[in-house]
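Throughout, a chain's letter reflects where its sequence line sits, starting with A, and its residues are numbered from 1.
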There are 2 protein chains.
Amino acid sequence: MSKSSSSIILDSFDLSILNILQRDNMTPQRVIGEAVSLSAPAVQRRIRRMEEAGIIQANVAVVDPAQVGQTITIFVEVEVISETAELIDAAKREFASVPEVQQCYYVTGEADFVLVIVVPTMTAYEALTRRLFFGNNNVKRFRTFVAMDRVKVGLTVSLPG
Amino acid sequence: MSKSSSSIILDSFDLSILNILQRDNMTPQRVIGEAVSLSAPAVQRRIRRMEEAGIIQANVAVVDPAQVGQTITIFVEVEVISETAELIDAAKREFASVPEVQQCYYVTGEADFVLVIVVPTMTAYEALTRRLFFGNNNVKRFRTFVAMDRVKVGLTVSLPG
DNA sequence: TAGTCGGACGCAAGAATCTTTCGTGTGGGC
DNA sequence: GCCCACACGAAAGATTCTTGCGTCCGACTA
C-alpha cells in the first residue's frame, strides 16, 4: 500500500499502455510492447512506475453479480438532515464499510449521497435500508431506483491521446 | 469473447478464489492455492472455467481518473418521454457508446436511466449534455449530481461463504 | 564546444509463473 | 461389482516476468 501519489508526468506511451490495461490487464507485456512500439522491459518499468504513483490503483477481476446470486442492483439517493463535517464523515465511513455498497459518492444537488448497492434479494435490500437509512437519525429521505438492466458497467476512464 | 454462460455451479473453493481475484487478480495461483488449500493447477482450472462461463467478465486495471486529467465524476438521472422498446434500446446503445459514460443502468422509479460520467472539466460535461440530452428528442428531463468525493468506488461483489 | 550526469532504452540471462500432461482417487450410475 | 466422468496433485515444459548491463540521447555546466 505504498501510495507515493507523486503525480508523475505521463507521455503518450503511458496513456496507450493504460488504455490496454484498463480493458485487459492480462495482456502480456510483449504484446503491449508490440502495440506501442516499445520493448517488454520498458513496458514493465512504466507499469511499475504508474502503480507506485497510484495511477494504477488496483488490478481486479470483474465478477458478474447475477451469476453469483447477487441479482439485484439498486441506486439510492440519500438526503441527510445535518451536513456538518463530522456527520458527513460518519456517513461516509458507514456507507463505505458495508459490503453490499459497491459504490458511494458524496454529491452536490438535490441529494447528498448516491449509492450503488448489489444484493441477492429485495428482502435483503429491505433489511439493509432498515439498518442503513431508517436506523440513521441523520437520514432525512432516500429514493430507490431498481436496475432492470446493467447497460454498461465499468471503471474505464476515457483517456486522451 | 466466448460467453457460454452455462451457469455452472460454484462451490466454496470457487467463491474464495473469486474473492481474492476481485481484490487482486495478479495474485499468483500458487498463493491462491495456499489460501484455499488447493494446488496451483486446480486453481488455474477453476479460474479458466469461470472465465469461460462468464462469471469472471474481465480482468482490468483500475485507473485513478484524477491522475489522468479526468477530475470530475457526475451522476445523471435521465427521464425519457416515450418508453417503447425501440426507443429504450436506442438510448441504451447511445449511452453505452459514449466513452465518458462509465456506467449506465436502466432503472425503475422516478427516472429511467442513471449514468455515471467522468469528464475532465465542466465545459466538457456541458458539451456532453448538449449532445446527449438536449440533442435527443426523447429525453424529457435530466438531473445532475456532481461528485465532491468518490467515497467508495469498485465493482466488488459481496460473496457468500 | 567539450564534458558530465540522469534517465530511459534494448538485449539477454535468470527467476518466477503459467500451462499441460499424466497417473491416481473418489463418487454416481448401470 | 464394475465402469465412467470428474477433479485432484505432481512434474515437466512453455511462456512470461524481472533484473543486470551496456548504450544512447538530452540537459546542464564549465
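- A/N59 approaches A/N25 most closely through the heavy-atom pair OD1-ND2, 2.9 Å.
- Using a cut-off of 4.0 Å between Lys/Arg side-chain N and Asp/Glu carboxylate O, A/D11 and A/R46 are scored as salt-bridged.
- Inter-residue side-chain proximity for A/Q70 and B/P160 is flagged as met; some heavy-atom pair is nearer than 4.5 Å.
- With contacts defined as side-chain heavy-atom distances shorter than 4.5 Å, the pair A/Y105/B/V153 qualifies.
- Remark on the helix from C/dT1-D/dA30 to C/dC30-D/dG1: inter-end axis angle 20°, axes from five-pair C1' superpositions, rounded to 10°.
- For A/N59 and D/dT16, the CG to C1' distance is 16 Å, given to the nearest whole Å.
- For B/Y106 against B/D112, the heavy-atom pair with the smallest separation is CD1-O, 3.1 Å.
- Between the CD atom of A/E52 and the P atom of D/dT18 there is a distance of 12 Å, given to the nearest Å.
- Checked against B/Q103 for a side-chain hydrogen bond (donor to acceptor under 3.5 Å, both in side chains), the options A/Q103, A/K152, A/R150 give a single hit: A/Q103.
- Close to C/dC18, at under 4.0 Å from its OP1 or OP2, lies no side-chain N or O of B/Q44.
- The heavy-atom pair separating B/M122 from B/V146 by the smallest distance is CE-CG2, 3.8 Å.
- A heavy atom lying under 4.0 Å from DNA chain C marks none of the residues of residues 25-36 of chain A.
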Dump every N/O contact between nucleotides 5-9 of chain D and the protein below 3.5 Å, one line per pair.
from: D/dC8; atom 1: OP1; to: B/R46; atom 2: NE; distance (Å): 2.9
from: D/dC8; atom 1: OP1; to: B/R46; atom 2: NH2; distance (Å): 2.6
from: D/dG9; atom 1: OP1; to: B/S39; atom 2: N; distance (Å): 3.4
from: D/dG9; atom 1: OP2; to: B/S39; atom 2: N; distance (Å): 2.9
from: D/dG9; atom 1: OP2; to: B/S39; atom 2: OG; distance (Å): 2.5
from: D/dG9; atom 1: N7; to: B/R45; atom 2: NH2; distance (Å): 3.2

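- B/T156 is listed as a side-chain neighbour of B/R23, based on a closest heavy-atom distance under 4.5 Å.
- Closest approach of B/L155 to B/Q22, counting heavy atoms only: O-OE1, 4.1 Å.
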Walk me through it: do A/F142 and A/F134 pass the test ring pair (Phe, Tyr, Trp, His ring centres under 6.0 Å)?
CA-CA 10 Å; A/F142 69 96; A/F134 292 117; 5.5 Å; yes
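- In this structure, A/R48 atom CZ and C/dA8 atom P are separated by 11 Å, rounded to whole Å.
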